Amino acid sequence: MTTQAVRPGSTATAPDEAEVRAALDASWGRPVGLLGWISTVDHKDVARRYLVTAFVFFILGGLDAALMRIQLARPENRFLTPDQYNQLFTVHGTTMMFLFAVPVMTAMGLYFVPLMIGARNVSFPRLNNYGYWVYLIGGVLLYVSLFVNSAPDTGWFSYVPLAGPGYTPGKRADIYAQTVTFTEISALITAVEIIVTVFKHRAPGMTLNRIPLFVWAMLVTSFMILFAMPWVATASLFLAADRLIATHFFNPAEGGDPMLWQHLFWFFGHPEVYIIFIPALGMISSILATFTRREVFGYPVMVLSLVATGFLGFGLWVHHMFATGIPQLGQSYFTAASAMIAIPSGVQIFCWIATLWVGRPRWTVPMLYATAFVVLFLIGGLSGVMVASVPFDLQVHDTYFVVAHLHYVLLGGAVFPLFGAFYYWFPKITGRMLDERLGRWQFGLFFAGVNLTFFPMHYLGLHGMPRRVYTYLLESGWGDLNLLATAGAVTIAASVLLFILNVVRALRAGPLAGNDPWGGETLEWLAESPPRPYNFAFQPVVQGRAALWSRTPDAPVVVGLRTDMREVLVTTVMDAAPDNRHRHPDPDRMPFVAALATGVLFISLVFTPWGLPVGALLLAVPMILWGWPNEEDNEKQRRQERETVT
């Protein structure tokens with residue numbers, strides 16, 4: 001084992017940096033052309049694709065919502081038919097939950113976790129590429145079905161028996177089940193990538209108590225994905241089997257139970273809210289630390305709060321089912337659990353307040369989004385405690401009060417931190433700065449639009465307006481508040497357009513950012529902007545919890561890794577001590593081909609059971625070729641083993 005930490009300029013020392021960079025550029029570079037584009041194994045390339053694709057789905061889901069708001073702006077409107085409205089609210093919810101919220105959060109982790117821990121790549125880069133293409137195929141399937149008038153129409157949680165073969169003939173619910181399957185495969189792959197990368201590829205010196213809070217948040221989220229996603233994948237498999245091959249998992253006439261769907265779905269569905277929310281907590285911590293010039297107050301408490309939130313998130317699923325006849329003792333337990341989960345979130349808010357109190361805040365656009373998050377999430381959290389009370393929940397269940405609560409939690413608790421993170425990390429991803437003045441306008445419009453749209457829905461729900469109705473009578477008195485909500489939706493749309501304009505303007509002629517325009521504390525700001533394919537020419541050795549702020553001018557770096565092939569450092573789980581060297585795979589087209597075969601497998605199953613053997617055979621071929629080493633790989637491996645022994 002020759003990997004060691006040395007100080008730059010000392011007599012041992014690292015080779016000339018220019019020579020090392022030239023060699024690494026050659027060995028880590030992406031092949032040019034279309035084949036190079038689809039075969040990349042750079043975690044940043046894949047993460048950027050996730051981010052852009054997820055944002056496109058965010059815009060499409062927003063357009064779905066805009067059409068619904070136009071329909072509901074006035075009573076007895078005929079802008080949409082009932083069937084069109086049913087398809088739109090189902091596709092909107094499915095898009096925002098499965099195609100935007102979870103993928104965009106995990107994509108931020110895929111991009112920044114390796115940079116923050118001083119790694120050169122994620123652990124399984126080809127699998128990472130495969131996961132993106134599977135996710136894209138699932139999203140395209142959903143929107144093609146919408147454009148051909150065959151989209152799901154049973155809601156984003158697709159309750160049976162409504163979604164069963166007896167009440168929803170045709171292929172609409174089958175499209176939903178397979179879309180869920182694609183997105184769950186992608187999410188599980190991302191979770192495995194992040195967990196293994198954090199545990200085995202941290203820079204030397206980054207012990208467990210020095211891991212950045214954003215990395216802790218992504219680690220907790222990834223474990224939640226591993227435990228939550230298989231349940232909804234199982235539910236979608238059961239639903240597809242009931243519909244396509246006449247099983248009876250949810251058919252009470254044949255011994256099935258429709259309540260099984262709700263238990264399986266919500267055992268995933270409520271943790272999913274925290275899968276979306278916990279990465280946002282990590283983003284807020286990163287933003288506050290940078291713009292107060294103080295480490296976040298109470299690091300151990302913050303980490304334990306993240307872990308507690310992830311753990312308690314699995315004990316709340318039945319509060320979505322209070323109207324289904326759950327025994328009163330069970331209702332009491334889940335009411336208590338729903339109140340308890342507010343505690344770790346409250347602890348983190350007080351730690352952030354303490355950080356602001358002792359720091360010197362700079363009120364940049366990311367800081368504005370961070371503070372607005374606290375306000376909006378507090379509103380959503382208070383209404384969440386209200387609906388956790390069984391008597392109140394029975395009154396407002398399936399009304400617009402629940403719609404208001406959900407959107408305050410998801411937009412306030414996830415999208416606001418996400419926009420803050422976009423402004424914060426955009427210079428690192430692109431090397432350019434977003435315009436601060438446009439950013440402030442966009443923030444103001446977004447904050448006003450969210451409150452104009454969703455705060456009136458509390459009153460609509462309390463006055464009895466049910467959700468999922470495509471129109472209402474003039475005599476109901478709901479028209480003015482619905483018109484106000486539609487005006488808020490227009491304001492949100494204007495804000496998003498302003499953000500897109502800001503991004504396009506910055507990419508074309510924005511000011512150059514430099515490596516560390518904000519003075520950040522974590523290792524991603526040590527890399528170039530945008531980072532090179534290998535992230536760091538010499539991997540840093542971490543000297544403190546705030547890795548950059550505690551870094552000395554003569555800080556040691558890691559040497560001993562090969563530059564003529566893709567070689568990464570493997571470290572121990574607890575102390576991040578150098579343990580081994582691993583040769584990373586080169587760019588490979590097989591993950592893309594395997595994803596296409598996976599798409600053929602699951603989409604063909606919607607139409608014929610013969611899709612299983614045919615699709616499985618098609619998938620087996622690229623999977624075998626994926627794992628089959630060629631002679632060049634064998635020679636590189638033998639050379640590495642010989643040199644390691646000597």
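Because the structure is predicted, anything quoted here is derived from the model rather than measured.
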- Test side chain to side chain contact (heavy atoms under 4.5 Å, CB included) applied to Glu193 and Phe124, step by step: CA-CA 6 Å; Glu193 296 284 354; Phe124 310 109; 3.4 Å; yes
- When you look at Asp64 and Tyr143, which way does the side chain to side chain donor-acceptor pair (under 3.5 Å) test go after all the steps? CA-CA 11 Å; Asp64 298 335; Tyr143 273 88; 3.0 Å; yes
- Item | Pair Thr247-Asp242, side chain to side chain donor-acceptor pair (under 3.5 Å): steps then yes or no | CA-CA 4 Å; Thr247 57; Asp242 275 11; 2.6 Å; yes
- Do Phe377 and Phe277 pass the ring-ring contact (aromatic ring centres under 6.0 Å, His included) test, and can you show the C-alpha distance, the side-chain angles, and the key distance before you say yes or no? CA-CA 10 Å; Phe377 181 72; Phe277 171 59; 4.4 Å; yes
- Item | Verdict with supporting geometry, Val415 and Leu410, side chain to side chain contact (heavy atoms under 4.5 Å, CB included) | CA-CA 7 Å; Val415 178; Leu410 292 179; 5.9 Å; no
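A donor-acceptor pair shorter than 3.5 Å cannot be found between the side chains of Gln84 and Asn149. Side-chain N/O atoms of Asp174 and Gln178 include no donor and acceptor closer than 3.5 Å. His263 and Trp317 share a side-chain donor-acceptor pair at under 3.5 Å. Residues Tyr130 and Thr598 have side chains that bring a donor and an acceptor to within less than 3.5 angstrom of each other. Checked by atom type, the side-chain pair Tyr176/Ser145 shows no donor-acceptor distance below 3.5 Å. Arg69 and Asn482 share a donor-acceptor pair across their side chains, judged by distance under 3.5 Å alone. In the model, Thr197 has a side-chain atom that pairs as donor or acceptor with a side-chain atom of Ser123 under 3.5 Å. For the residue pair Asn451 and Tyr408, a side-chain donor N or O sits within less than 3.5 Å of a side-chain acceptor on the partner.
Phe268 has its ring centre no less than 6.0 Å from the ring centre of Phe227.
For Trp231, the CH2 atom sits in a loose shell: 12 or fewer heavy atoms of surrounding residues, nucleotides or ligands are nearer than 6.0 Å. Other residues, nucleotides and ligands contribute more than 12 heavy atoms inside 6.0 Å of the OH atom of Tyr159. In this structure, Tyr333 places its OH atom where only 12 or fewer heavy-atom neighbours from other residues, nucleotides or ligands lie under 6.0 Å away.
No donor-acceptor pair under 3.5 Å is formed between the side chain of Ser158 and the backbone N or O of Thr154. When atom types are taken as modelled, the side chain of Ser286 and the backbone of Gly282 share a donor-acceptor pair closer than 3.5 angstrom. Trp216 places no side-chain N or O within donor-acceptor distance of the main-chain N or O of Met302, the cut-off being under 3.5 Å. A side-chain donor-acceptor contact under 3.5 Å links His92 to the backbone of Gly61. In this structure a side-chain-to-backbone donor-acceptor pair under 3.5 Å is missing from Thr399 to Gln395.
With respect to Leu141, the side chain to side chain contact (heavy atoms under 4.5 Å, CB included) criterion is satisfied by exactly one of Thr179, Val606, Leu136: Thr179. Screening Tyr50, Phe182, Phe592 against Tyr132 for a ring pair (Phe, Tyr, Trp, His ring centres under 6.0 Å) leaves a single residue, Tyr50. Between Phe446 and the options Phe373, Phe416, Phe422, a ring pair (Phe, Tyr, Trp, His ring centres under 6.0 Å) holds for only Phe416.
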